[in-house]
Amino acid sequence: MLVTSSIEVNEPTEICFPHDESGQHVSAQYFLSGEASIVMGNGQRQHWTQDGTSVIRSDTPGFRLIVEPGQVLRHVCVAMYRHDLNCRLDETSSPQLARLMASDATVDLAVPVPTDMLARSTAQRLYQLRAATGLGSVRAEGLAISFLSEVLSGYAHLALDDADTRSVLPWQAHRVRQLKAAIDADPGQCFAEGEMLERFAMGDQMARRVFQMEFGTTLSAYTRTARLTKAQAALRDGTTSVKQIGFACGYAHIGNFTRAYKQHFGETPSDTRAGATRTP
């Protein structure tokens, strides 16, 4: 199924998509222009921007787009029923594709995929053929399958580390900056299995390597420092218990929090709290 759209938005707009009761869709999407937030049926959000490519499977009803005014959205979507697509995959498919194609669970995924030149070119040609008839429509069908294959291939390799570990690609640098911003905003958050891939288009191993190359420190060390710095500020504020502060900063056990804090700052959380209390 090939869908193209060109929508001019002059006021805040929410576009709701009907749920297909006859089966689950797996789709590849590309934004030629504009930007929007997508909201999955399970509440998960993802932001689409121009030249962005995504793989989507939304089993839970309620999938919709939220668009801010003053934009012209142009996008290409190629979708196939999960069962039909799964029949074409072999048993050696990647773990990422296996998860996407799961038949024994409700799956809601919206994963950004790096946009390469081939996928971009194919999407642009598909958009140009959106009103084609006759042989042009046959050509569009062939391009649609190519586009879906190209994007799924990119998705299948997201969690694989690059063969060349000496350099950071532009899209990788962009994603780890997003990761760093997410940690700065909420140091206490913990990424569940597969969440790194869904939010930042990188598996855990790649994220750790690229983060260290980009920022000169390990991902775990940066996260630990951000958590402890947040804890120190909260302790000096003096309005929340030490245990609650440790928990909010990602430490489930007060003993682990105290040890990490003392190792980092040379004093216990209680010492910091007491010092803040004595300060006039």
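As a basis for the values below, the full set of heavy atoms in this structure was taken, side chains included, without hydrogen atoms, waters or symmetry mates.
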Minimum side-chain heavy-atom gap Phe215-Tyr222 below 4.5 Å: no

Heavy-atom pair of closest approach, residues Lys230 and Pro187: CD-CD, 3.9 Å

Sub-4.5 Å side-chain heavy-atom contact between Met80 and Leu148: yes

Any donor-acceptor N or O pair under 3.5 Å, side chains Gln128, Arg125: no

Axial cation check for Tyr127 ring with Arg130, 6.0 Å and 45° limits: yes

Check against side-chain hydrogen bond (donor to acceptor under 3.5 Å, both in side chains), Gln124 and Ser121: CA-CA 5 Å; Gln124 291 169 343; Ser121 174; 5.3 Å; no

Non-hydrogen atoms of Met40 and Leu109 that approach each other most closely: CE-O, 3.3 Å

Beyond-backbone contact of Gln71 with Glu35, side-chain heavy atoms, under 4.5 angstrom: yes

Residues Asn42 and Thr60: side-chain donor-acceptor under 3.5 angstrom: no

Short side-chain donor-acceptor distance under 3.5 Å, Glu267 and Thr272: yes

Closest non-hydrogen atom pair, Phe31 against Thr49: CB-O, 3.4 Å

Beyond-backbone contact of Arg64 with Ile15, side-chain heavy atoms, under 4.5 angstrom: no

Chi angles and distances behind the side-chain contact (heavy atoms from CB on, under 4.5 Å) call for His25, Ser27: CA-CA 6 Å; His25 290 115; Ser27 66; 5.5 Å; no

Geometric class of the Tyr251/Phe257 ring pair [parallel <30°, tilted 30-60°, perpendicular >60°]: tilted

Any donor-acceptor N/O pair, Ser153 side chain to Ser149 backbone, under 3.5 Å: no

For Arg273 against Ala234, the heavy-atom pair lying closest together: NH2-O, 3.8 Å

Parallel, tilted or perpendicular: ring planes of Phe147 versus Tyr30, cut at 30 and 60 degrees: perpendicular

Same apolar cluster (I L V M F W Y, side chains within < 4.5 Å links), Phe247/Leu228: no

Same apolar cluster: Phe17 and Ile56, side chain cutoff 4.5 Å: yes

Rounded distance [0.5 Å steps], CG in Asp116 versus CG in Leu118: 5.5 Å

Polar contact flag, side-chain donor to acceptor under 3.5 angstrom, Asn256-Tyr261: no

Glu11 backbone acceptor or donor facing Thr13 side chain under 3.5 Å: yes

Asp59 side chain vs Val107 backbone, donor-acceptor pair below 3.5 Å: yes

Side-chain donor/acceptor of Asp271 to backbone N/O of Thr268, under 3.5 Å: yes

Closest approach of Ile66 to Val39 (non-hydrogen atoms, all atoms of both residues): CD1-CG2, 3.7 Å

Test item: side-chain donor near acceptor, Thr122 and Glu150, under 3.5 Å: yes

Nearest heavy atoms of Cys190 and Arg227, plus distance in Å: SG-NH2, 3.5 Å

Side-chain H-bond candidate by donor/acceptor type, Tyr81 with Asp20, under 3.5 Å: yes

Verdict with reasoning, Gln29 to Thr53, per side-chain contact (heavy atoms from CB on, under 4.5 Å): CA-CA 6 Å; Gln29 315 254 353; Thr53 306; over 6 Å; no

Transitive ILVMFWY side-chain link Val26 to Ile145, under 4.5 Å: yes

Student check: side-chain heavy atoms of Gln263 and Arg259 closer than 4.5 Å: no

Whether Arg175 side chain and Ala207 backbone form a donor-acceptor pair below 3.5 Å: no

Side-chain heavy atoms of Ile245 within contact of Val242, under 4.5 Å: no

Residues Asp184 and Lys180 bridged, charged N to O under 4.0 Å: yes

Pro269 side chain reached by Thr258 side chain, heavy atoms, under 4.5 Å: yes

Test salt bridge (Lys or Arg N to Asp or Glu O under 4.0 Å) applied to Asp108 and Arg57, step by step: CA-CA 5 Å; Asp108 290 285; Arg57 177 174 164 186; over 6 Å; no

Side-chain touch Tyr155/Val111, heavy atoms, less than 4.5 angstrom: yes

